[in-house]
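First up is the structure itself, then whatever we jot down about it.
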Amino acid sequence: MFIRNERSVSEFIKFYPVVSTIIIIHIVLWLIQDFLMLPIGNTLYQLGAGSNYHIAQGEYWRLITPMFFHAGLMHMLFNSFSLVLFGPALEQMLGKAKFVLAYVGAGIVANIASFIFGHAIYTHVGASGAVFGLFGIYIFMRFFRKHLLDYQSSQMITVIIVIGLIMTFLRPNINVYAHIFGFIGGFVIAPLVLRKTQPYSPWQRRYRDDDGVQFDPNRWKKKRVPSNVKKNAFWIVIVVLALLGLLSRIL
């Protein structure tokens with residue numbers, strides 16, 4: 001469920017257009033703001049960051065826009081990587097419209113909480129509130145829609161979420177309000193978006209090759225992740241997350 005078996009980036013984009021679009025927005029905003037350091041990048045950041053002072057002045061779009069901006073490369077990569085891991089399965093299960101509702105809805109709940117509980121001049125950016133909203137949906141499935149999660153995925157997502165919540169309180173410069181209330185927002189939204197939802201299937205999406213021949217999933221299986229990697233997928237994910245967390249402290 002959390003192991004990607006797409007054969008190319010273009011295939012990933014075709015299968016998961018919403019997740020892909022969000023990640024592209026992350027990258028483009030980071031490029032123009034931090035890498036190219038274009039004047040428009042700084043202007044967009046100043047207009048889009050979650051500023052409690054400006055929200056209080058009526059700039060309510062800042063309850064949405066902060067989830068697309070990030071404070072540096074590692075911040076952007078970590079949230080985008082999390083979205084690549086945990087977003088595709090939900091996008092397929094929910095459909096594009098419900099996935100957007102769940103993701104943006106949880107992000108808005110996270111930003112509202114940051115406004116209510118943060119101090120008057122508190123400023124924040126990042127997609128983590130929305131990502132934790134996806135975690136909230138998975139936990140709802142874990143307890144109330146068990147047929148939607150296989151055992152391995154259920155165990156994996158539970159451990160990762162517990163680690164994420166613990167790290168929320170241990171690491172500095174974390175928007176605790178966004179993490180906690182984004183998670184709660186996703187959990188509350190879950191029963192609304194999970195109606196008539198089917199379990200995730202990597203073979204559900206079919207397409208035709210350039211020659212017009214129906215795609216054969218059995219042919220794809222030959223190119224899937226090696227069995228030894230699949231068996232150790234949980235530990236691979238944990239190690240990668242730990243390394244990214246370590247790098248974010250160093251850089």
Side-chain angles (χ1 to χ4, degrees), residues 1-36 38 40-50 60-111 124-138 157 175 178-179 182-183 185-186 189-190 192-194 197-198 200-202 204-208 215 244:
M1 190 172 188
F2 304 120
I3 300 298
R4 305 274 38 91
N5 46 31
E6 295 75 33
R7 297 183 298 178
S8 65
V9 173
S10 61
E11 194 167 81
F12 182 92
I13 293 173
K14 183 174 183 177
F15 286 0
Y16 313 109
V18 176
V19 169
S20 300
T21 299
I22 294 171
I23 292 171
I24 290 171
I25 292 173
H26 289 177
I27 295 172
V28 169
L29 289 175
W30 173 79
L31 282 173
I32 64 176
Q33 177 197 338
D34 291 342
F35 186 74
L36 299 176
L38 300 178
I40 190 175
N42 184 61
T43 300
L44 290 174
Y45 185 87
Q46 294 300 323
L47 288 173
Y60 299 118
W61 68 81
R62 294 178 185 269
L63 296 174
I64 301 175
T65 53
M67 69 183 79
F68 300 105
F69 290 89
H70 292 88
L73 175 61
M74 293 309 302
H75 190 205
M76 184 273 292
L77 286 179
F78 188 85
N79 282 331
S80 297
F81 177 76
S82 298
L83 192 53
V84 168
L85 281 180
F86 306 112
L90 278 180
E91 181 173 347
Q92 184 198 92
M93 295 166 69
L94 303 179
K96 290 182 285 188
K98 286 185 178 180
F99 181 82
V100 170
L101 173 64
Y103 184 84
V104 176
I108 291 174
V109 170
N111 292 332
H124 61 93
V125 291
S128 56
V131 171
F132 268 78
L134 302 186
F135 291 165
I137 296 175
Y138 280 119
I157 195 67
N175 186 347
H179 285 201
F183 178 85
I189 291 171
L192 302 177
V193 297
L194 288 175
T197 299
Q198 299 298 317
Y200 171 75
S201 170
Q204 181 174 319
R205 294 186 179 273
R206 306 294 174 83
Y207 65 93
R208 293 185 178 275
F215 179 69
L244 285 174

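Being a predicted model, the structure only gives us computed values, none of them experimental.
Looking at heavy atoms from C-beta onward, L134 lies in side-chain contact with F99 at the 4.5 angstrom threshold. Side chains of W30 and D34 form a contact here, defined as non-hydrogen atoms less than 4.5 Å apart. Looking at heavy atoms from C-beta onward, I32 lies in side-chain contact with L29 at the 4.5 angstrom threshold. When side chains are defined from C-beta on, M93 counts as touching M1, because their heavy atoms get closer than 4.5 Å. K14 has its side chain out of reach of S20: every pair of non-hydrogen atoms, C-beta onward, lies at least 4.5 Å apart. Residues F12 and V19 form a side-chain contact, since some pair of their non-hydrogen atoms from C-beta on lies under 4.5 Å apart. Looking at M67 and N111, their side chains come closer than 4.5 Å, going by heavy atoms from C-beta outward.
Scored by the side-chain hydrogen bond (donor to acceptor under 3.5 Å, both in side chains) test, T65 finds no partners at all (sequence neighbours excluded). Among residues two or more places apart in sequence or in another chain, the ring pair (Phe, Tyr, Trp, His ring centres under 6.0 Å) test is passed with F135 by F86, F132. Remark: H179 pairs with S128, T168 by the side-chain hydrogen bond (donor to acceptor under 3.5 Å, both in side chains) rule, at least two apart or across chains.
When every heavy atom of A71 is checked against every heavy atom of V125, the shortest pair comes out as N-CG2, 3.8 Å.
Rounded to the nearest 0.5 angstrom, L90 CG and Y200 OH are separated by 11.0 Å.
Side-chain N/O atoms of H70 and N79 include a donor and acceptor closer than 3.5 Å.
The 12-atom threshold is exceeded at CG of L36, counting heavy atoms of other residues, nucleotides or ligands nearer than 6.0 Å.
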